[in-house]
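Remember, it's 1-based here, ligands and their atoms both numbered in the order they're listed.
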Amino acid sequence: MKNLKRSWAEPYKIKMVELLKMTTAPQRKKALREAGYNTFLLKSDDVYIDLLTDSGTSAMSDRQWAGMMMGDEAYAGSRNFYHLEKVVQETYGYKYLIPTHQGRGAENILSKILIKNGDIIPGNMYFTTTRLHQELAGGRFEDIIIDEAHDAENEFPFKGNVNLAKLDKLIKKYGAAKIPYISIATSVNMAGGQPISLANLKELRAFTKKHKIRIIHDMTRVAENAYFIQQKEKGYNKKSIKEIVKEINAYTDGCTMSAKKDALVNIGGFLAVNEWDVFEEARNMVVVYEGLHTYGGLAGRDMEAMAIGIGESVSDDHIRARVGQVIYLGNKMMDYNIPIVKPIGGHGIFVDAKKFLPHIPQGNFPAQTLAAELYLDAGVRTMERGIVSAGRKANGDNYFPKLELVRFTIPRRVYTQAHMDVIAESTANVYERRNKIKGMKMVYEPKYLRFFQARFEKL
Ligand code: F0G
């Protein structure tokens with residue numbers, strides 16, 4: 001085995017542990033049957049290693065917990081809000097802050113302010129909640145990510161980049177006035193946590209300046225993106241994560257943030273902008289949907305934990321260990337010849353189920369089947385990102401997406417290297433008996449977002 005050298009380690013030690021229930025194979029078999037072979041329907045108590053998401057699942061530091069005790073639970077003007085405001089301005093560089101309960105709260109307010117009926121919002125691949133809020137505000141999302149992002153095998157290091165020719169075409173077709181902003185995510189989630197380069201962002205800034213179009217940044221995983229820039233982009237290996245994060249943001253006009261990821265908290269988010277008019281409107285609107293503009297649906301203690309978490313999230317030592325752990329798992333998977341999306345992204349490993357179970361037709365749900373088998377083997381919970389998630393078209397036909405994936409999302413600061421070993425070994429076990437694995441049929445299909453509640457039976 002190559003690649004197992006570990007040149008990083010956690011910049012923390014463990015002070016408190018959360019005990020897990022260890023299950024037996026018969027218990028898992030029963031739990032899975034009761035959950036209709038859908039990992040979303042498993043009880044968390046029946047899960048050993050939970051890789052369903054990296055959202056809201058981080059372990060907070062002793063400093064964050066201490067900060068929670070310093071919560072100023074005033075309805076208006078909480079001290080923790082002013083702390084958070086200062087940290088956001090200093091760390092991210094945006095001028096005005098509106099706290100929200102989580103990322104989609106910020107997406108809702110921003111979309112309502114900036115988007116008019118019939119507008120076009122180009123972006124580097126969609127995210128579910130982001131696109132939905134753009135549509136609910138009367139807009140239409142257009143994908144302008146480079147083609148490489150849609151190819152699991154392509155090893156281009158910045159698969160989050162924008163194709164300017166695609167954007168130019170949209171501007172020529174609809175006119176710049178119909179495009180209120182470009183929606184740019186760092187560490188593109190649906191592409192596998194793939195980063196955008198600063199060179200590409202700089203070009204995009206110059207181009208949008210010419211056409212007077214804003215760039216709004218989905219900053220959810222900006223520090224992880226900054227790490228890839230530091231490691232892979234020419235001219236940045238001597239720059240700190242802090243400096244790179246600031247530079248990324250300087251090429252954009254505002255952001256929405258789900259602090260449940262990068263910023264190391266279990267709940268929280270915000271909207272931050274540089275334009276006074278947009279801020280003023282958002283400050284009016286937040287009262288309707290979230291709460292007063294100095295708490296936005298959060299407790300004072302939540303804002304304090306976030307302010308401290310943001311500071312920890314942009315430390316070089318933290319991010320090296322965070323992404324290092326994901327890369328460690330990915331390399332270990334590759335050593336077992338398990339087919340994964342490349343390059344390895346920032347927040348998880350995406351296994352290619354079409355390659356893993358080539359004998360199962362997509363109509364018999366290879367990724368859903370694989371997620372179920374993984375749980376059976378050792379109690380590792382993952383998520384389907386394939387035909388079940390893609391759903392049906394308006395005419396009722398199933399989408400047959402090119403990518404049929406299982407996402408292994410790694411929570412921050414939660415699991416150890418030994419857990420990563422168990423995950424890879426368990427996946428390798430399943431890989432060894434892959435030829436004996438049969439597909440499934442769907443026996444219950446909900447009308448909306450079927451992946452959450454669908455039920456299956458083994459063939
Ligand atoms: N933007 C991105 C890129 C996200 O990944 C998410 C959430 C959101 C916005 C919405 O933020 O959940 O705080 O309202 N992603 C989670 C996931 C749910 O599992 O990938 P939220």
Side-chain angles (χ1 to χ4, degrees), residues 39-40 44 47 50-58 98-111 121 123-136 141 143 145 149 159-160 181-196 216-226 228 248 252 254-272 286 289-290 296-298 302-303 305-306 309-310 313 326 341 345-350 371 381-386 388-389 403 405-412 414 449 451-452:
T39 52
F40 276 102
S44 156
V47 173
D50 202 347
L51 308 182
L52 197 62
T53 179
D54 64 328
S55 180
T57 53
S58 298
I98 301 280
T100 57
H101 77 286
Q102 60 184 72
R104 67 199 74 179
E107 290 167 356
N108 173 40
I109 291 171
L110 188 90
S111 302
I121 301 93
N124 58 347
M125 206 176 263
Y126 80 103
F127 184 72
T128 51
T129 59
T130 321
R131 182 176 67 184
L132 186 58
H133 280 299
Q134 290 162 358
E135 290 169 352
L136 290 172
F141 177 83
D143 192 7
I145 204 164
K159 280 159 92 174
Y181 63 93
I182 316 284
S183 182
I184 290 299
T186 34
S187 300
V188 180
N189 190 358
M190 301 302 269
Q194 303 296 331
I196 181 170
I216 297 294
H217 175 198
D218 181 339
M219 195 167 66
T220 298
R221 297 181 181 87
V222 67
E224 290 167 6
N225 194 121
F228 287 113
I248 292 171
T252 70
C255 77
T256 54
M257 174 70 164
S258 170
K260 299 171 73 172
K261 284 83 168 173
D262 243 13
L264 299 164
V265 285
N266 304 120
I267 192 73
F270 58 82
L271 167 65
V286 74
Y289 294 102
E290 304 279 319
L298 297 168
D302 297 330
M303 291 189 283
M306 202 195 307
I310 288 169
S313 77
V326 175
V341 173
H347 68 307
I349 302 301
F350 292 67
R381 170 155 69 174
T382 55
M383 181 195 286
E384 194 263 9
R385 292 273 94 152
V388 185
S389 297
L403 298 177
L405 307 175
V406 176
R407 184 176 84 165
F408 293 58
T409 346
I410 311 298
R412 296 166 186 79
V414 170
L449 298 175
F451 56 95
F452 284 126

- Note on the structure: Residues with a heavy atom under 4.0 Å from ligand 1, by chain and number, are Thr53, Ser55, Gln102, Gly103, Arg104, Glu107, Phe127, Thr129, Asn189, Asp218, Thr220, Arg221, Ser258, Lys260, Lys261, Arg407

- Geometric cation-pi criterion Arg104 and Phe127, 6.0 Å radius, 45° cone: no

- Query: Does any N or O in the side chain of Glu290 come within less than 3.5 Å of the main-chain N or O of Gly297, such that one atom is a donor and the other an acceptor?
  - Reply: no

- Query: Of the options Ile196, Ile145, Asn225, Asp218, which is the one that meets Val188 in a side chain to side chain contact (heavy atoms under 4.5 Å, CB included)?
  - Reply: Ile145

- Note on the structure: Value for OG1 (Thr100) from CD1 (Ile267), rounded to nearest 0.5 Å, stands at 9.0 Å

- Under the side-chain hydrogen bond (donor to acceptor under 3.5 Å, both in side chains) test, which residues partner Asn266, sequence neighbours left out? none

- Can Asn189 and Arg407 be counted as having a side-chain donor-acceptor contact under 3.5 angstrom? yes

